[in-house]
Amino acid sequence: MKLLSVGNPKTLKGMVQGYNTYILHLAPATLSGHNTCPKATPGCIAACLNTAGRGGMFKKGETTNAIQQARIRKTNLFYNDRDAFMTLLVNDIKLAIRQSAKLGLIPVFRLNGTSDLSWEKYEVLNTGRTIFEFFPDVQFYDYTKILGRKVSGIANYHLTFSAADGNDMDVIRAIAQGMNVAVVFGIKKTLAMPESYNGRSVFNGDESDLRFLDPKGVVVGLYAKGKAKKDTTGFVKYPTIMLKAA
Ligand code: SF4
């Protein structure tokens, strides 16, 4: 079983900048029977990227597919046989480092492609080290809805807080703590992002997925895509402030 995948349309943009993003997709929320997203909201579950692209293509009358089943298998492995999972993860990261070197690219890793696990809490194979300590020269990054994760001392892990329906207070706290906050805006791609949101400048996060390169102290604006375009929960934000001309 391979855990990591590479090359969705957005991460491909990062290749132009010299980076190769490898993503771990687990089954989000409680889809596998295990809760991988403790702060998931009705709106984010409905709009989750888990069903973007081929992951959301189902044969007529079916509600699952090979991609969804693979994500559930990986998630079950994580919970049922942690050593086997970590062995695969370590091997996949080593392989990614070798593959990227051949391509002249810098490998970077998103372990929460479709989950929100606190990776800083998990040990790699009785080594007493987290995955970040196991690969100290490698950059990891994620989005999270969990406020207060203990990552400030981890130099090679970057977190962007995710706004959603019903976590406005956490957004304010995350901004106060100096985190960048990702916000999905319900505006057309032909329009520019709003200039500011919640008192912060908005940075266009759709130009690439390389969140660790973003300027500090910004709102990372994302255009609503897929199911998010039909959101009515408050997950997608509709800025009332002046929009810049496209
Ligand atoms: S927290 Fe993220 S990964 Fe989990 S259901 Fe919500 S959008 Fe999907």
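Ligands are counted one by one from 1 in listed order, and the atoms in each one are counted from 1 as well. Just so it is clear, the model here is predicted, and its values are computed rather than measured.
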Subject >> Sole candidate of T160, N156, N112, D209 that passes side chain to side chain donor-acceptor pair (under 3.5 Å) when paired with Y141 >> reply: D209
Original post:
Does atom NZ of K150 have more than 12 heavy-atom neighbours from other groups under 6.0 Å away?
Top reply: no
Original post:
Out of curiosity, D206 CG to F185 CZ, how far, rounded to the nearest 0.5 Å?
Top reply: 11.0 Å
**OP:** Only protein N/O/S atoms count here: give how many lie under 2.8 Å from atom 4 (Fe) of ligand 1.
**Re:** 1
Original post:
Side chain of R71, backbone of P28: donor and acceptor closer than 3.5 Å?
Top reply: no
Original post:
Looking just at side-chain N and O atoms, do N20 and S100 make a donor-acceptor pair shorter than 3.5 Å?
Top reply: yes
**OP:** Give the cluster check for F140 versus L117: same hydrophobic cluster or not, with ILVMFWY residues linked at side-chain heavy-atom distances below 4.5 Å.
**Re:** yes
